[in-house]
Colleague: 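After the structure tokens below, expect a handful of questions from me.
Since we're looking at a predicted model, the values are computed, not measured. Lettering follows sequence order; numbering is per chain, from 1.
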There are 2 protein chains.
Amino acid sequence: MTAPRKATIGDVARHAGVSKGTVSLAYSGKRPVSEETRQRIFDAAEELQWTASHRARALATSRTGAIGLVVARDPEVLATDAFFSKFISGCERVLAEHDMGLMLHAVTSSEAERLVYERLAAGRADGVILLDVQVEDPRFELVQRLGLPAVVLSAEEPTGGETAGLPTVYSDDSPAVTELVGRMAQAGHTRIAHVAGPDHYIHGRIRREAFAAAMREQGLDGSLVVEGDFTAASGRDATAQLLDRADPPTAILYANDMMAISGLSLAHSRGLRVPEDLSISGYDDSELSAHLSPALTTVSTGAVQRGQIAVTTLLAEIAGEQPRHVLADHTTVVPRGSIAAPPGTPTRTAP
Amino acid sequence: MTAPRKATIGDVARHAGVSKGTVSLAYSGKRPVSEETRQRIFDAAEELQWTASHRARALATSRTGAIGLVVARDPEVLATDAFFSKFISGCERVLAEHDMGLMLHAVTSSEAERLVYERLAAGRADGVILLDVQVEDPRFELVQRLGLPAVVLSAEEPTGGETAGLPTVYSDDSPAVTELVGRMAQAGHTRIAHVAGPDHYIHGRIRREAFAAAMREQGLDGSLVVEGDFTAASGRDATAQLLDRADPPTAILYANDMMAISGLSLAHSRGLRVPEDLSISGYDDSELSAHLSPALTTVSTGAVQRGQIAVTTLLAEIAGEQPRHVLADHTTVVPRGSIAAPPGTPTRTAP
DNA sequence: CTGAAAGCGCTTACAG
DNA sequence: CTGAAAGCGCTTACAG
């Protein structure tokens, strides 16, 4: 039962009667190997059940074959984030093609976070993707000092060096928010509120600014904003605060699905019908949002595609290509049943 | 702007006027180094900004410093799984102590899955944790053939070699389900239904069997079971099917929160009040469940602890210790507002 | 097309 | 307490 020593490239070479170099070449194809010896080598490898040692290859090539992803969020929040796992799945898709993997790190302090990046830079990963970017994120400087290739994922175009020159995969969250406000206004709503994400997150801030701008365009008062933190708890509390007002909103635009769903639930429990009494929208297109009753109007973020693009961009940078910013916009509004005319609207306002 | 060559242990040794071996020892502490040279070494390292290369160390020690986790689920489903990210967070906690990392792989075909395990075994990970275990899971044989240390996470004690002798971290989901049924029965429910998870998953099957057994114990009919697949979509459909019956249940026990939440939403949309008209319970204790209105009675699975224990167990196995099964039971019912007496019950049945 | 050898950057017996 | 050297298992110029 004691594990037999694993075969090495040397064993295969000996077995096939060639040099180690030739075995290596037969697999990499970096230089031609005669069909005959190639076959001998494959047979020997098969017989010895040999697979190249990843560790040895990593040292020889100075490439680890992994990229790093560090998440500095409470696991509770991570759990409920529809974006995250779709994003990872997109990353995997292209990593697999390149025979690479994803090193995931969950940290809870910024001290631990710094340490993790240092370890990654010490050869545990060939590069990293920076998620949940904050305004003037300290990681920008950190990765550059560490010489660690990185791409940042942002919700706005880094026109003025917002991402410190690091290659950035960005989308623009604004149009979807504008469209959502437009739909609500069109349905006849005037008192529209926004439950925002934290302002220090770019995607929190952008969605909020887009809300304000869209309301202004519609000639409406865009000041009814409550800041949440993307958790269900904060969604419920913010909603309670809004509904408790003397002049409660007739529509609420939430910065993510999670907050929208707990908000929806609270509204229901207060006897409000959605969408008849209250219209709402989310952001993220989580699986749950599509199967609620009524289903939640939300925004699909193209998370899988962004994962793919982010990794592709990172690999290009690692390969030494000139870093560039790339627009990855698959953001689109998914209209579902949670928006209707406000209460008291005549059944049909024919044009 | 061209990246300066990174310092190596040789540079540090030269700088400090010692041998490479001594530098290594100064850091590992595996053998004593005089305080004076030790300081010289640290100073040199500091000045040259040296950190040991993980790749080189990995080859020299035959240890990769990472464990693998492969998830064979639709990203949509993963996204909404409260267990998963808490579990990962628990893993990280102990991995960090050991200066190790987590290689995460998301696969969508069993073909891809096999390939990933082979890669992991080829030196990309020192061991793996097997999640979402199925009955007679083919991975049991695979990891053993590959000589890849593994621990499996199960929802029942592997008394009869269910996990092929692999060290197993198990909990028992039954008591919580029994308690839930008990609470519902106690409240006066007799028509209690179960929306189950797929039967080929151990945790799906166990919860279902526990439901049947508990109903039997209560002298109730436990045949009202609809199989879902843990997604919100299936939760909604199963609930519709139940509520459409001539004799709909007055209480529904769901195999996870996600199905319970979409079920709750559907019930609401049909004008049923929860818990006045329908009592429900979930399983997983997701963040959302606590902030719904009413909050969802559910089961906390101790996912963080299980992650910690799983990794601890795996590291012990990697270190060559005798593999054993370990009970990791932090499963407990979290009573919240979603269970009450069935409709038509006199206000208070004083004992 | 193939071989011999150096090199990737550490760790760890082996001597002293 | 410290040094010189071998070894981890590959890849890749360099010769032929």
Colleague: Give B:V18 one of three labels, base, sugar-phosphate or nothing, depending on what nucleic acid heavy atoms sit under 4.0 Å from its own.
Modeller: sugar-phosphate
Colleague: Under 4.0 Å from any heavy atom of chain A: name the first and the last nucleotide of DNA chain C that qualifies, 5' to 3'.
Modeller: C:dC1 to C:dG9
Colleague: Are A:D99 and B:R124 close enough for a salt bridge, meaning some N to O gap below 4.0 Å?
Modeller: yes
Colleague: Could you tell me whether B:E97 and B:R93 have a side-chain N and a carboxylate O separated by less than 4.0 Å?
Modeller: no
Colleague: Centres of the A:W50 and A:Y27 rings: under 6.0 Å?
Modeller: yes
Colleague: Which comes earlier along DNA chain D counting from the 5' end, the contact point of A:R57 or that of B:G17, where each point is its nearest nucleotide?
Modeller: B:G17
Colleague: What is the nucleic acid contact for B:S24, judged by heavy atoms within less than 4.0 Å: base, sugar-phosphate only, or nothing?
Modeller: base
Colleague: Take B:S62 and A:T61, find for each the nucleotide of DNA chain D with the closest heavy atom, and name the residue whose nucleotide sits nearer the 5' end.
Modeller: B:S62
Colleague: So, does A:T64 use its side chain to make a donor-acceptor pair with the main chain of A:A66 at under 3.5 Å?
Modeller: no
Colleague: Starting from Watson-Crick (N1-N3 plus N6-O4 or O6-N4) and G-U wobble pairs under 3.5 Å, report the runs of at least three that DNA chain D belongs to.
Modeller: C:1-3 with D:14-16, C:5-12 with D:5-12, C:14-16 with D:1-3
Colleague: For B:S154 and B:T168, test the side chains for any donor-to-acceptor distance below 3.5 angstrom and give the result as yes or no.
Modeller: no
Colleague: With a 4.0 Å cut-off, would you call B:D126 and A:R55 a salt bridge?
Modeller: yes
Colleague: Select base, sugar-phosphate, or nothing to describe what A:T37 touches, counting heavy atoms under 4.0 Å on all strands.
Modeller: sugar-phosphate
Colleague: Less than 4.0 angstrom from a charged side-chain N to a carboxylate O is my criterion; do B:R145 and B:E141 meet it?
Modeller: yes
Colleague: Base, sugar-phosphate alone, or nothing: which one does B:K30 contact when heavy atoms must sit under 4.0 Å apart?
Modeller: sugar-phosphate
Colleague: Do A:R31 and A:L25 have side chains that get closer than 4.5 Å, going by heavy atoms?
Modeller: yes
Colleague: Base, sugar-phosphate, or nothing: which does B:R31 touch, judged by heavy atoms less than 4.0 Å apart?
Modeller: base
Colleague: For the pair A:R40 and A:D43, find out whether any cationic side-chain nitrogen is under 4.0 Å from an anionic carboxylate oxygen.
Modeller: no
Colleague: Check every strand shown and say whether A:S53 touches a base, only sugar-phosphate, or nothing at a heavy-atom separation below 4.0 Å.
Modeller: sugar-phosphate
